[in-house]
Amino acid sequence: DYGTLDVLQNVLMFGPFGLLLARALEPRPWRPLVALLVGLACSAAVELAQLTVIPGRDATLSDVLANALGAALGAALWVRRALLLAPGPREAGRLAAAATLAWIIVVGGTGWLLRPSVRPDRWYGQV
């Protein structure tokens, strides 16, 4: 029922892992790729443990992919930190446009998700 939220949580959960991994591999240019592969391997190990060892947990491929994506995005944030922290005029305009678009999506999505839901069946009251 909460698949989108689950994917978003997994991406956000592995983001700091990828960021710190890219920081540890600082002088190398292939940091995001390494973060993606290490995030994929760690996530696969966690899901394999959930499948075989931990009772009551569901292992899914979407968790593996979302965790690896989160690690890669965290590494990409670290690599592009100079652009994000001190952008030039052109990059600042692009970042402002992206932030505005993200804000519109969040506000519009919140309004869409919080709309009233009327069930088609009969209503009844009970004391």
Q: For residues E26 and R81, report the shortest heavy-atom separation together with the two atoms involved.
A: OE2-NH2, 3.6 Å
Q: Show the nearest heavy-atom pair for residues A71 and G39, with the distance to one decimal.
A: CB-CA, 4.0 Å
Q: Once rounded to the nearest 0.5 Å, what's the spacing between atom CD1 of I105 and atom OG1 of T110?
A: 11.5 Å
Q: Out of curiosity, L40 CG to F14 CZ, how far, rounded to the nearest 0.5 Å?
A: 10.0 Å
Q: For a quick test of reading the model, state the closest non-hydrogen atom pair linking A66 to N10 and the distance between them.
A: CB-CB, 3.7 Å
Q: Using the side-chain contact (heavy atoms from CB on, under 4.5 Å) rule, take N67 and F17 through it: C-alpha gap first, then chi angles, then the decisive distance, then the call.
A: CA-CA 10 Å; N67 291 342; F17 175 71; over 6 Å; no
Q: For D63 versus S43, what's the shortest heavy-atom pair and its separation?
A: O-OG, 3.6 Å
Q: For the atom pair CG (L77) and CG (L73), what is the distance rounded to the nearest 0.5 Å?
A: 7.0 Å
Q: Please answer: with hydrophobic residues joined when any side-chain heavy atoms are less than 4.5 Å apart, are V7 and L5 in the same cluster?
A: no
Q: When you look at CZ of R115, are more than 12 heavy atoms from neighbouring residues, nucleotides or ligands closer to it than 6.0 Å?
A: yes
Q: Out of curiosity, L19 CG to R31 CZ, how far, rounded to the nearest 0.5 Å?
A: 10.5 Å
Q: Give me the atom names and distance for the closest heavy-atom approach of M13 to P16.
A: O-CD, 3.6 Å
Q: Restricting to non-hydrogen atoms, name the atom on D58 and the atom on E47 that form the minimum distance, rounded to 0.1 Å.
A: O-OE1, 3.9 Å
Q: So does R80 have more than 12 non-hydrogen atoms from other groups sitting under 6.0 Å from CZ?
A: no
Q: If I take atom CG from residue L20 and atom CH2 from residue W78, how far apart are they, to the nearest 0.5 angstrom?
A: 8.5 Å
Q: How many angstroms lie between CH2 in W30 and CG in L37, if you round to the nearest 0.5 Å?
A: 10.5 Å
